[in-house]
Peer 1: 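Can you read through this structure? Questions will come right after.
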Amino acid sequence: MAFELPKLPYAYDALEPNIDARTMEIHYTKHHNGYTTKLNAAIEGTPLANKGIKEILANLDMANKAVRNNGGGFYNHSLFWEIMGPNAGGAATGELAAAINSAFGSFDSFKEKFSNAAGTVFGSGWAWLCVHKGGKVEICATPNQDNPLMPKVGCGGHPILGLDVWEHAYYLNYQNRRPDYITSFFNVINWSKVAEYYAANK
Ligand code: MN
């Protein structure tokens, strides 16, 4: 079974003005679609063709650049669209808020540390909030399309929130102002969806 580009859960302009419609459309129809197509080409006719994406990533041969880059790109963007939404933002609630407070002291402290992780990725990559078995949350960052599900990458937890800091994610609207993009990202985080990922993977 080939992987399919997941449906975007909102319209291209739904996250305006934080994420502009043109960036969203190009990001989804060109970049994410490209990773999906190239992932399928890379696994076609191999034993990986019958496996789920998380199984592929967890058992990845890191030297297999085609699957590493495109499998990562497929998974990372699929998560990225889900953890954003219109009429979102604010702060985490419930058991996720408690885990964040436990790990970072406060939500504001988490926000500062996550923003710093995203802001200091050199070149292209992602910042993550991950959960470890037992419920502890941790921030990490990864280069390119790597993610912490891959062997010995990042903090090794399960990603529940990810921020794409590739220039293709923000350059049209923000140019070189990555910090402004990161600030705006917090206006569109769908914390109820992040909480679902937390509960499912803690
Ligand atoms: Mn991207």
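One-based numbering, in listed order, for ligands and for the atoms of each.
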Peer 1: Check whether NZ of the Lys or CZ of the Arg Lys54 lies under 6.0 Å from the centre of the six-membered ring of Tyr75 and within 45 degrees of that ring's axis.
Peer 2: no
Peer 1: Of all N/O/S atoms in Asp164, which lies nearest to the Mn ion (ligand 1)?
Peer 2: OD2
Peer 1: Step by step, work out the ring pair (Phe, Tyr, Trp, His ring centres under 6.0 Å) result for His77 and His27.
Peer 2: CA-CA 9 Å; His77 291 84; His27 203 171; 4.9 Å; yes
Peer 1: Taking only residues two or more places apart in sequence or in another chain, which ones pass side chain to side chain contact (heavy atoms under 4.5 Å, CB included) with Asp108?
Peer 2: Ser106
Peer 1: So that I can check it, does any N, O or S atom in His168 come closer than 2.8 Å to the Mn ion (ligand 1)?
Peer 2: yes
Peer 1: Can you list the other members of the hydrophobic cluster that holds Leu172, where links are side-chain heavy atoms under 4.5 angstrom apart?
Peer 2: Ile26
Peer 1: Assess His77: does it contribute an N, O or S atom lying under 2.8 Å from the Mn ion (ligand 1)?
Peer 2: yes
